[in-house]
Amino acid sequence: MHAALLSDAVDGLDEALTAVDGFDEALVAGLLCPQPGQAAGLTGLADAVAGTPLAARVAEAADKALAGAAGEDHFVALAAARTALLGSVHDALTARVEEATGRPRVEETNTAAAGDSEHAANLYTAARSWLCDLARAGWQGIDHELVDGAAPVVSAMLPDPALRRLATLLDGFAAELAASCPGATLERFPVRRWADLWSRALLLTLPGAARASAVAEATGRLLPLGVDVQEHATAVQAQVHAVFEPADGGTPRLVRASVSAPKPDTVVGAGLWQLLRPHMSLLGAVSEGRAMDLDAMPVTAEGDLMWDDARARMGEPAEVFATARVALPTAAAFAVSPLDRHPARIAVPVLLEGYGVEEGDHGVVFQVAGYRLAVDTDRVPAAGPLSPEVVAASGACVGLLRWDAGEFLLQPLAVERTVRKKTVAVHAGAWAGGTTDKAGARAEKAATDAVGVLRERAGRLLRK
């Protein structure tokens, strides 16, 4: 990996992000009666897309918004411009990562938009109306009456699988806003995050935008690289990153397989695996360091395996670092769908070796060929033996290259370190299939007890 390339400036990146930030700040006060201070954010967004097919529509939308007369089409145009700018940032950063890793470029795919039913169209219109009301009020103007307007729309969408993606987004967004009401009392706002959620939700109300991804079938060998665990108070998800080698000898591809589950807040640490393990046999393969043989496993056009245990069986031993050294360099990524092109979604598997390590007040930093790469140890899950101390003592690392707050970061998935003159690998997902580690075993037992109590209480309630 030519890490030094990551430090080179990306033309236009700062300008694109500045335009996005300006518009996001304008949303804080709302666009019902824009003040002079918001003008720069709106005109800056329009100027940033002046040389694109969006230019005329966004310029008109900015003018209408400045006059306090923006309608739904105008807000959609502004959201599209913002999303396009962040998409250009994503593409530029991804191209830089491909240059640094020397990987094959991704393949573009085109999927025809599917039609929507009249029922869905009406719900999209209702959701779009609520989102436009949010933009007019701004984050400072939100109150419970405004936020509660999403509830009937979400309730009507949830029974329809085709609308569930947008319904879930609206539900989560409304919950965040409700927890912050009234907006007039807040001192700080999650400006980028709420603008991300608003613009994404608004574009998903357009016909065909929320269509299901095209699905193909994958037959061949799956070589796991590591597990990214994402935990919230009431839910947990494990996402396995892997290299897929097609049985027909085609180009190896980077793929992901995810499993999620609701969780009580009393289940933490290694206990999380108990909730996830029954739903995906791949977690056992990760823990045991084995490949899996897939037979017609559904895979989306973005490289997400729609996991089905009936289409997978345990394969031969496959050590993660051997996979990273042999198979990873030639593995190509799938294309990213337009609405998913956002710098926060960059997560590229890489192998680093021969680096120096710095430890300080700001955490662990790897020195790779003169480039200082910050290590995001906060993303290392407590549900495994990998820790910041182990990462700092390593000499090789398989991780996900991410981008946040203006710089590239590395999220470790597995490391190699020397213990008593022997090279030992430590994996974040080592306990996914079970563990004999004392701390992990205690967490598993605590989770068993907690889940057992909850099931017994739920059974009592149902009997009543």
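The first residue in the sequence is number 1, and the count goes up from there.
- Sparse packing is recorded around NE2 of His2, with 12 or fewer heavy atoms of other residues, nucleotides or ligands lying under 6.0 Å away.
- For the residue pair Ser199 and Arg82, a side-chain donor N or O sits within less than 3.5 Å of a side-chain acceptor on the partner.
- Contacts of Phe366 classified as ring pair (Phe, Tyr, Trp, His ring centres under 6.0 Å), with partners at least two apart in sequence or in another chain: Tyr355.
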- request: Could you go through the salt bridge (Lys or Arg N to Asp or Glu O under 4.0 Å) check for Arg200 and Asp340 one step at a time?
  value: CA-CA 9 Å; Arg200 183 177 180 82; Asp340 289 339; 2.9 Å; yes
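- Using a 4.0 Å cut-off between a side-chain N of Lys or Arg and a carboxylate O of Asp or Glu, Glu353 and Arg325 qualify as a salt bridge.
- Within a 6.0 Å radius of NZ in Lys263, more than 12 heavy atoms belonging to other residues, nucleotides or ligands are found.
- Residues Val255 and Leu222 meet the side-chain proximity criterion, which asks for heavy atoms closer than 4.5 Å.
- Applying the salt bridge (Lys or Arg N to Asp or Glu O under 4.0 Å) test to residues at least two apart or on different chains, the pairs with a partner in residues 122-147 are Glu72-Arg128, Asp133-Arg136.
- No donor-acceptor distance shorter than 3.5 angstrom exists from the side chain of Arg103 to the backbone of Ala332, with no hydrogens or angles considered.
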message: Run the side chain to side chain contact (heavy atoms under 4.5 Å, CB included) test on Asp91 and Arg341 for me, step by step, so that the C-alpha distance in whole Å, both residues' side-chain angles and the decisive distance to 0.1 Å come before the verdict.
response: CA-CA 7 Å; Asp91 291 351; Arg341 285 181 165 131; 3.2 Å; yes
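- Residue pairs meeting the salt bridge (Lys or Arg N to Asp or Glu O under 4.0 Å) criterion with at least one partner in residues 363-376, sequence neighbours excluded, are Glu358-Arg372, Asp376-Arg379.
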Mind listing the side-chain donor-acceptor pairs of residues 9-17 below 3.5 Å, one per line with the distance, residues two or more places apart or on another chain?
none

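- For Phe321, the ring pair (Phe, Tyr, Trp, His ring centres under 6.0 Å) criterion is met by no residue, not counting sequence neighbours.
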Expected list for residues 73-81: side-chain donor-acceptor pairs under 3.5 angstrom, two or more places apart:
unit_1, atom_1, unit_2, atom_2, d
His74, ND1, Gly71, N, 2.9
His74, NE2, Glu60, OE2, 3.4

task: Just do the salt bridge (Lys or Arg N to Asp or Glu O under 4.0 Å) check on Asp171 and Arg164 with the steps written out, would you?
output: CA-CA 10 Å; Asp171 191 34; Arg164 205 162 289 160; over 6 Å; no
- prompt: Are Glu176 and Arg193 close enough, and set up right, to give a salt bridge (Lys or Arg N to Asp or Glu O under 4.0 Å), and what steps lead you there?
  reply: CA-CA 11 Å; Glu176 286 193 25; Arg193 175 172 173 78; 2.5 Å; yes
